[in-house]
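Here's the structure we're looking at; comments come further down.
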Amino acid sequence: MLPIYNLFGVLPSFILQHKDAYQVILDGVKGGPKEKRLAAQFIPKFFSSFPELADAAINAQLDLCEDEDVSIRRQAIKELPRFATGENIPRVADILTQLLQTDDTAEFNQVNAALISIFKMDAKGTLGGLFSQILQGEDIVRERAIKFLSAKLKTLPEDVMTKEVEEYVFAETKKVMEDVTGEEFVLLMRVVSGLRVLQTVNGRQQLVELVVEQAFLEQALNPADPDTVDRLLQCTRQALPLFSKNVHSTRFVTYFCEHVLPNLSALTSPVAELDIQLEVLKLLAEMSPFCGDMEKLEANLNMLFTKLLEFMPLPPEEVENGENSASEEPKLQFSYVECLLYSFHQLGKKLPDFLLDKVDAERLKDFKIKLQYFARGLQVYIRQLRVALQGKTGDALKTEEDLFHNPPSYKSTVTLSWKPVQKAEAVAPKRPSGEEMGSGASTKKQISPQPRRDARQIYNPPSGKYSASIGNFNYEQRGGFRGGRGRSFGGRGNRSRGRIY
């Protein structure tokens, strides 16, 4: 039996005055299970009294954290926060971060609790240890450290997550973003998007810039590469919630018009079940209201108009007896046309004379014929679904009505069918945000208008073969992003995790 048991029951004041006694405690990590358990408790208890033995004490406790006996490991991990003082905090955080790789659930939870406790002592120092492992550690440690930040940072109070700490998180995250997988990118965007310091127009613009760097918008799109397509989809999804009237989507909308739409039919889906063309068109439609001034507006409108014509069929020709010559009616691709019409309607506001002065008479005539035929088909479809849509009203058809006008109008406010309908409520208005105050927005109460007696029923995309499964479709992130860490674009050493689905 080691001499550590000779110290059991000795007055703490004796140990505090004798360096040799503390050394005996450190040597207890080389003993049996009982000695190790005592060492796991005594080493942190007297740690602060022997600064000259600090390194030896931390290393001894770390040995216990890696012991084969899970009960000893748990005891040692539980006591680790007691070493987190001054300059030791980043080191202790680094050790705890490495311990996140454990597969024991109770031990893993204990490591999480220990990290949270030292966060409250020194958030910036703890983050230093975490980011050190994210940047330099093994893949499993990096993965779990990023997931820890994504899950736990948002739960910490403001007195812990100060402005200085949040700015440090953002700065370190940008370093990590230089080489990330698709899954890591999404988790890290979740981290920085939740920072209070970035909840301003300038902050959201910085986040958009971060996404733009990952999206490679300066490069031409390779539609045959599913990883390249996947990168663009993921980046666009992350950028979408950041766009507003003051944070513009112009670069993304421009890229979609110039590089994606011309290659729409050639796009390779990253997931077999995903209708990649519809997914792309929906993203474009959702971004289009926030597009600012565009350099090649006429050319991009022309591309949208061309694609719109492609997806809108001509009515079938009639033979002499008035019957259709075709055996089948042309298919009406409601969801595709909705997306393209909406995007065209949003960008068309910026060049109202496009259909009058920029489109030749034959194409315009062709467009109106197709639009009229499509509108008739839509009316038939709505009648067929009258039971399902009974009692619902809306303005989904205002886009068609606008474009039937001569000259075409772009005044209607239209809601995309897969987005929730925003209803005005006759209640006290909310206090305007800083963004709204900056633009001189009015705070007058909005009164909900009474629906017209002849109001059209709202359009929802058809089910089955059209888009019901697409609207709610979701898939996990896959592939890699910037730099060599990407699991599909290149491996990080030989430890590639492969694609993530």
Side-chain angles (χ1 to χ4, degrees), residues 149-150 153-154 156-178 180 185-218 232-257 282-295 297 300 342-343 345-347 349-350 410 413-416 419-420 422 424 428-446 482:
L149 289 176
S150 178
L153 280 194
K154 60 188 177 185
L156 296 173
E158 289 188 39
D159 60 336
V160 174
M161 293 298 294
T162 62
K163 180 181 178 182
E164 180 186 3
V165 171
E166 290 195 337
E167 289 174 344
Y168 179 76
V169 171
F170 187 49
E172 292 300 302
T173 300
K174 286 195 288 185
K175 296 177 186 176
V176 179
M177 285 281 203
E178 294 176 4
V180 289
F185 170 68
V186 172
L187 290 172
L188 289 169
M189 282 302 299
R190 192 176 301 165
V191 170
V192 293
S193 296
L195 298 177
R196 285 178 289 271
V197 73
L198 296 177
Q199 302 308 309
T200 62
V201 171
N202 182 56
R204 289 198 298 276
Q205 188 62 57
Q206 291 184 66
L207 291 174
V208 169
E209 295 297 332
L210 195 61
V211 178
V212 167
E213 290 180 9
Q214 293 293 328
F216 289 166
L217 298 184
E218 73 280 1
L232 181 62
L233 292 181
Q234 290 188 46
C235 289
T236 307
R237 290 192 189 101
Q238 294 303 311
L240 260 176
L242 304 171
F243 296 139
S244 69
K245 61 184 178 182
N246 293 320
V247 181
H248 294 157
S249 60
T250 311
R251 278 178 289 182
F252 279 90
V253 173
T254 298
Y255 189 85
F256 271 58
C257 290
K282 287 173 69 175
L283 289 172
L284 175 60
E286 291 189 53
M287 290 189 294
S288 59
F290 310 111
C291 183
D293 294 335
M294 186 180 285
E295 288 185 10
L297 177 58
N300 292 334
Y342 184 86
S343 301
H345 189 264
Q346 295 297 320
L347 298 187
K349 297 176 183 178
K350 303 176 183 298
Y410 299 91
T413 300
V414 186
T415 302
L416 290 165
K419 305 291 287 183
Q422 301 294 325
K430 294 181 180 179
R431 183 169 62 87
S433 66
E435 180 180 346
E436 291 170 339
M437 290 295 286
S439 61
S442 172
T443 59
K444 291 182 180 180
K445 185 185 297 184
Q446 298 295 317
R482 184 176 292 275

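We use all heavy atoms of the structure for the numbers below, so side chains are in, but hydrogens, waters and symmetry mates are not.
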(request) With rounding to the nearest 0.5 Å, note down the distance linking CG in Leu198 to CG in Leu207. (result) 5.0 Å
(request) Output yes when Glu172 and Lys175 qualify as a salt bridge under the 4.0 Å nitrogen-oxygen rule, no when they do not. (result) yes
(request) Identify the two heavy atoms, one from Gln205 and one from His248, that lie closest to each other, and give their separation to 0.1 Å. (result) OE1-N, 4.4 Å
(message) If I compare all heavy atoms of Leu347 with all of Cys257, which pair ends up nearest, and what's the gap?
(response) CD1-SG, 4.4 Å
(message) Counting C-beta onward and ignoring hydrogens, is there a side-chain heavy-atom pair between Val208 and Arg204 closer than 4.5 Å?
(response) no
(request) Assess whether atom CG of Asp293 is packed by more than 12 heavy atoms of other residues, nucleotides or ligands within 6.0 Å. (result) no
(message) Looking at Arg251 and Glu209, is there a salt bridge between them, counting it only when a charged N and a carboxylate O are closer than 4.0 Å?
(response) yes
(request) Would you name the heavy atoms of Glu166 and Val197 that are closest together and state the gap between them? (result) OE1-N, 2.7 Å
(request) List the atom of Phe252, the atom of Met287, and the distance in Å for their closest heavy-atom pair. (result) CB-SD, 3.4 Å
(message) Working note: Tyr342 + Leu284, criterion side chain to side chain contact (heavy atoms under 4.5 Å, CB included); need CA distance, chi angles, decisive distance, verdict.
(response) CA-CA 9 Å; Tyr342 184 86; Leu284 175 60; over 6 Å; no
(request) Work out which heavy atom in Met294 is nearest to a heavy atom in Thr250; give both atom names and the distance. (result) CA-CG2, 4.3 Å
(request) Please examine the side chains of Gln234 and Gln238, heavy atoms only from C-beta on, and report whether any two atoms are closer than 4.5 Å. (result) no
(message) Could you check whether any side-chain heavy atom of Glu295 comes within less than 4.5 Å of a side-chain heavy atom of Thr254, counting everything from C-beta outward?
(response) no
